[in-house]
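Notes to accompany the following structure.
Throughout, protein chains are lettered first and strands after them, A, B, ... in sequence-line order, and every chain is numbered starting at 1.
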Protein chains: 2
Amino acid sequence: MTDARLPAAIAVTAPAVAPMPTARSKARQQREQQLLELAQQILRQDGFTGLTMDRLASLSDVSKGTLYNHFSSKEDVLTALSVDSLQRLLQLFQHASTFSGHSRERALALHHAYHKFSAAEPTLFLCLLSAATPGVMEKSSPARMLQRQQLEMQLLQYCQQVLSDALADGSLQLPVGVSLEQWSFINWALAFGCNALFVPLRQLGLFAGLAAPQVNLHSINLLFDGMGWLPLSSGWDYQQSWQQISLKFDSAANSESTLAHSAQEQA
Amino acid sequence: MTDARLPAAIAVTAPAVAPMPTARSKARQQREQQLLELAQQILRQDGFTGLTMDRLASLSDVSKGTLYNHFSSKEDVLTALSVDSLQRLLQLFQHASTFSGHSRERALALHHAYHKFSAAEPTLFLCLLSAATPGVMEKSSPARMLQRQQLEMQLLQYCQQVLSDALADGSLQLPVGVSLEQWSFINWALAFGCNALFVPLRQLGLFAGLAAPQVNLHSINLLFDGMGWLPLSSGWDYQQSWQQISLKFDSAANSESTLAHSAQEQA
DNA sequence: GTGAAAAGTTGACGGATCGTCATTTTAGGT
DNA sequence: ACCTAAAATGACGATCCGTCAACTTTTCAC
């Protein structure tokens with residue numbers, strides 16, 4: 001954290017501590033990204049059963065040995081994909097937190113980002129779900145797990161920041177015996193539950209008549225109203241807020257995906 | 001469905017349609033239960049990585065061929081375990097719905113049952129999580145998936161029943177544009193999210209200071225308050241309700257587990 | 001520029017696990 | 001006691017995982 005404040009001389013004499021991005025590591029990271037892109041494509045096309053290390057290697061331009069130089073196991077690939085998802089989510093959260101509105105609207109924007117990501121990238125979201133599974137966690141590399149943990153913490157920072165803001169501006173009050181952590185956890189849990197359950201339950205034929213965005217918005221309204229987060233849904237049109245967020249947010253996502261697309265085509 | 005109404009003669013001449021529980025099928029089902037018990041034990045002891053079909057076969061008193069006569073794949077074993085969990089949850093829900101109190105307390109009892117199960121049987125709960133994963137769903141037998149679907153529908157029936165009761169007795173009102181399905185889904189999602197996220201996030205070192213039951217109760221209170229479910233948490237001591245439910249419920253669970261234990265030892 | 005050391009790449013290989021199937025064993029009926 | 005159908009067995013082929021010794025490329029000192 002404080003490394004940035006150290007004299008340059010130290011940084012030069014001890015580059016191993018804060019390694020500067022060499023051209024080599026840059027290329028390595030880029031290729032890792034390509035491999036993950038390919039893995040994702042395989043998942044989309046042939047499902048999770050179709051993802052095989054041999055297949056991933058043969059469809060890519062590297063051999064199996066090199067593949068294992070990037071990922072410690074097949075499960076590590078899944079965790080890497082989930083790390084990728086978390087990084088993208090983090091960006092989306094950064095954008096969302098800039099939404100100009102009161103604190104509850106900003107919180108809504110965070111939920112919106114989470115929801116839109118789960119809807120736009122169902123495969124990645126399933127990776128996120130799978131990566132929380134014991135069978136995957138047991139076989140992932142510690143380094144990757146650490147990355148995951150740090151990213152989740154950063155995401156939570158955004159949640160807690162909005163809650164802090166709300167406490168500061170008086171639109172929200174913390175009851176005695178309740179911690180800010182608790183509320184951010186509950187927010188996280190509700191968002192995860194709604195989005196993670198929707199697709200599988202629909203596949204099973206349950207809740208056929210439900211529309212994802214409506215349910216999502218509604219669930220958030222219930223929770224925020226329960227928290228007493230002003231203005232309550234009875235005194236504000238959050239449907240409209242949601243649409244406004246969509247407008248600002250979806251266009252940003254589009255321009256981003258366009259950028260990603262062109263970058264992908266160049267490669 | 002209407003087979004039960006057919007004359008006995010037909011049932012005798014076509015027993016395959018509505019198979020009576022023969023001694024053979026009885027024994028088969030009993031052994032399947034033993035196998036699942038063993039699988040669970042392996043999972044507890046050696047994690048999900050340690051569960052192998054060869055190992056399960058060798059540790060049991062049947063061969064691999066017979067094992068595959070029960071389960072179509074390794075993943076099918078996990079789904080079978082999740083089906084088992086759902087059946088036990090169904091029983092717990094049945095008990096919970098008999099709690100004598102107002103409708104919101106009964107709903108709380110359902111959440112309590114769900115939470116207690118996740119806490120008392122973390123391994124089975126992780127099976128429930130894993131079984132919602134694409135890699136497992138893709139490889140499970142259709143028959144088992146159907147069982148799972150039907151059980152989840154039955155569980156949802158209990159949720160919706162309590163909600164219906166609340167609407168009937170006036171303690172809850174459905175806003176325009178909101179369906180009973182939506183509310184039951186949101187309840188399900190919150191409970192799933194809270195319980196499914198708690199263990200993995202704790203393992204990652206997040207939310208170290210949170211106590212599971214408190215958070216659970218608190219999240220339910222927020223949601224129910226948001227729904228306007230009377231009496232609100234400001235006008236009723238749901239902490240005490242939770243404890244009362246625990247008292248009645250945990251003792252029931254204990255006597256049950258005792259029964260199960262003795263039954264297990266007889267077998 | 002050159003050569004050697006370091007870093008990176010490769011695909012063949014051993015091992016583990018999966019799922020099947022021909023053969024053997026068991027159970028139920030006459 | 002014998003026959004037949006269902007069930008159990010474990011050896012087997014196939015698949016996939018992860019490793020490693022040999023080989024290629026890059027780096028760097030001289």
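At whole-Å resolution of the value, CG in B:Asp76 and P in C:dC18 are 13 Å apart. Look at CZ on B:Arg28: it is 10 Å from C1' on D:dA7, rounded to the nearest Å. Put simply, CG on B:Leu56 is 13 Å from P on C:dG19, counting in whole angstrom units. Rounded to an integer number of Å, the gap from CZ of B:Arg31 to C1' of D:dA6 is 12 Å. Distance A:Asn69 CG to D:dC23 P: 20 Å, rounded to the nearest Å. Rounded to whole angstrom, the span from the CG atom of B:Asp46 across to the P atom of C:dT17 amounts to 12 Å.
Between A:Lys26 and A:Glu32 there is no salt bridge, since no side-chain N of the basic residue sits under 4.0 Å from a carboxylate O of the acidic one.
Around atom CD of A:Gln29, no more than 12 heavy atoms belonging to other residues, nucleotides or ligands sit under 6.0 Å away.
Using a 4.5 Å heavy-atom threshold, the side chains of A:Glu75 and A:Met137 count as separate.
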Counting primed atoms, P, OP1 and OP2 as sugar-phosphate and everything else as base, the B/S/- map of nucleotides 12-17 of chain D against protein heavy atoms under 4.0 Å is ----SB
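The side chain of B:Ser63 contributes no N or O atom lying less than 4.0 Å from OP1 or OP2 of D:dA8.
For residues 123-145 of chain B, the pairs satisfying ring-ring contact (aromatic ring centres under 6.0 Å, His included) are B:Tyr114-B:Phe125, with sequence neighbours left out.
Put simply, the side chain of A:Ser73 gets close to the backbone of A:Lys139: a donor and an acceptor are under 3.5 Å apart.
Residues satisfying the salt bridge (Lys or Arg N to Asp or Glu O under 4.0 Å) test with B:Glu121, not counting sequence neighbours, are B:Arg88.
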